[in-house]
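Everything on this sheet refers to the single structure shown next.
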Amino acid sequence: MAEGKETDRLFLQFQPILDVESNRISGFEALARLRSRKLGMISPNEFIPIAERKKLIIPIGDLIIDGALRFLTKLRETGRTDLTVSINISTIQLLKPDFEKKLLALVRNFKVDPQNIEIEVTESVFAANLEDINEILGDLKASGISIAIDDFGTGYSSLAREIEINASCLKIDKYFIDKLLEIEPQNTLVSDIMSMGHKLGYYIVAEGVEHGSQLEYLKTNGCDKAQGYFISKPLDEDKAIDSLMREPGR
Ligand code: G
Ligand code: MN
């Protein structure tokens, strides 16, 4: 997948997401990467905000969705129809009037199951009109697509707005997961965020899990899913598929 000048390449990597209870990969998050000939690898934290300002987020976002759905068809070709691919969607992209129609058309073209797709939105999305956002998210949900609130707990949104959102999943930001290593785990907010999320009917993904002790704590405290370097770094497409083959019991 290439975008812009020949020298700069946009591509996707896929980071496994572990189902904590079964200890198996239940899906992947698609993560955009930009390799620039001049500057080397540029992190999405840097290029996504620039793309948003320069009005490039729509074409870049389209390429990301395309790549993620393509990966989903590859997973299906390997016989795995149970895995989810999560796609980060910028607020600007989500609020485009044709977003939903375009996404659903792609889903039909690729013949993928909407149940295998999750859209991740960050808390910045809540700065927009809640009713508009909820209508879009509600329509996506009705089509079978799941919605995750990304980077939960670090944005500028009020809790009241967040709990009214039409989502199915909370992704707890690495900031909170790091705290499990810095202070006594029972003094962190991690288990409280998880029980709050569960009460609201969300399933919980912990992000940025880098140590076995964090995963142990998450498991003991009923976390649904975990993602982070301890489980796996983001992988190129073929390596991501290999990682499934190498799971115990396969
Ligand atoms: O905003 P979002 O949570 O989608 O960002 C995910 C980013 O975090 C990706 O760029 C990914 O490479 C990075 N990441 C994923 N797992 C870890 C981890 O365990 N530690 C660190 N430092 N970064 C991670
Ligand atoms: Mn994300």
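Values below: every heavy atom of this structure, side chains too, minus hydrogens, waters and symmetry copies. Along the sequence shown, the residues carry numbers beginning at 1. Both ligands and their constituent atoms are indexed starting at 1 by order of listing.
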Under the salt bridge (Lys or Arg N to Asp or Glu O under 4.0 Å) rule, what pairs show up with a residue in residues 109-121, not counting sequence neighbours?
-> Glu120-Lys171

Would you call Asp151 and Tyr175 a side-chain contact if the rule is heavy atoms closer than 4.5 Å?
-> no

Could you go through ligand 1 and list every pair where one of its N or O atoms sits under 3.5 Å from a protein N or O, giving the atom names and the distance to one decimal?
{"residue": "ligand 1", "atom": "1 (O)", "partner": "Asp151", "partner atom": "OD1", "Å": "3.2"}
{"residue": "ligand 1", "atom": "3 (O)", "partner": "Asp151", "partner atom": "OD1", "Å": "3.3"}
{"residue": "ligand 1", "atom": "3 (O)", "partner": "Glu207", "partner atom": "OE2", "Å": "2.6"}
{"residue": "ligand 1", "atom": "4 (O)", "partner": "Glu29", "partner atom": "OE2", "Å": "3.0"}
{"residue": "ligand 1", "atom": "4 (O)", "partner": "Asp150", "partner atom": "OD2", "Å": "3.1"}
{"residue": "ligand 1", "atom": "12 (O)", "partner": "Arg33", "partner atom": "NH2", "Å": "2.9"}
{"residue": "ligand 1", "atom": "16 (N)", "partner": "Gln15", "partner atom": "NE2", "Å": "3.1"}
{"residue": "ligand 1", "atom": "19 (O)", "partner": "Tyr229", "partner atom": "N", "Å": "2.8"}
{"residue": "ligand 1", "atom": "20 (N)", "partner": "Glu210", "partner atom": "OE2", "Å": "2.5"}
{"residue": "ligand 1", "atom": "22 (N)", "partner": "Glu210", "partner atom": "OE2", "Å": "3.2"}
{"residue": "ligand 1", "atom": "23 (N)", "partner": "Tyr229", "partner atom": "OH", "Å": "3.2"}

For Gln93 and Asp62, does a side-chain donor sit closer than 3.5 Å to a side-chain acceptor?
-> no

Quick one: sort the Phe14 and Phe71 rings into parallel, tilted or perpendicular, breaks at 30° and 60°.
-> parallel

Hey, what do you get for CD1 (Ile136) to CG (Leu94), rounding to the nearest 0.5 Å?
-> 5.0 Å

Option among Leu218, Ile177, Ile172 that satisfies the side-chain contact (heavy atoms from CB on, under 4.5 Å) test with Cys223 | Leu218

Joint cluster assignment, Leu189 & Tyr202, ILVMFWY side-chain distance < 4.5 Å = yes

4.5 Å side-chain heavy-atom contact, Ile204 and His198 | yes

Within the 2.8 Å cut-off the protein N, O or S neighbours of the Mn ion (ligand 2) are Glu29 OE2, Asn88 OD1, Glu120 OE1, Asp150 OD2

Quick one: side chain to side chain contact (heavy atoms under 4.5 Å, CB included) partners of Phe110, sequence neighbours excluded?
-> Asp66, Leu69, Arg70, Thr73, Leu106, Val112

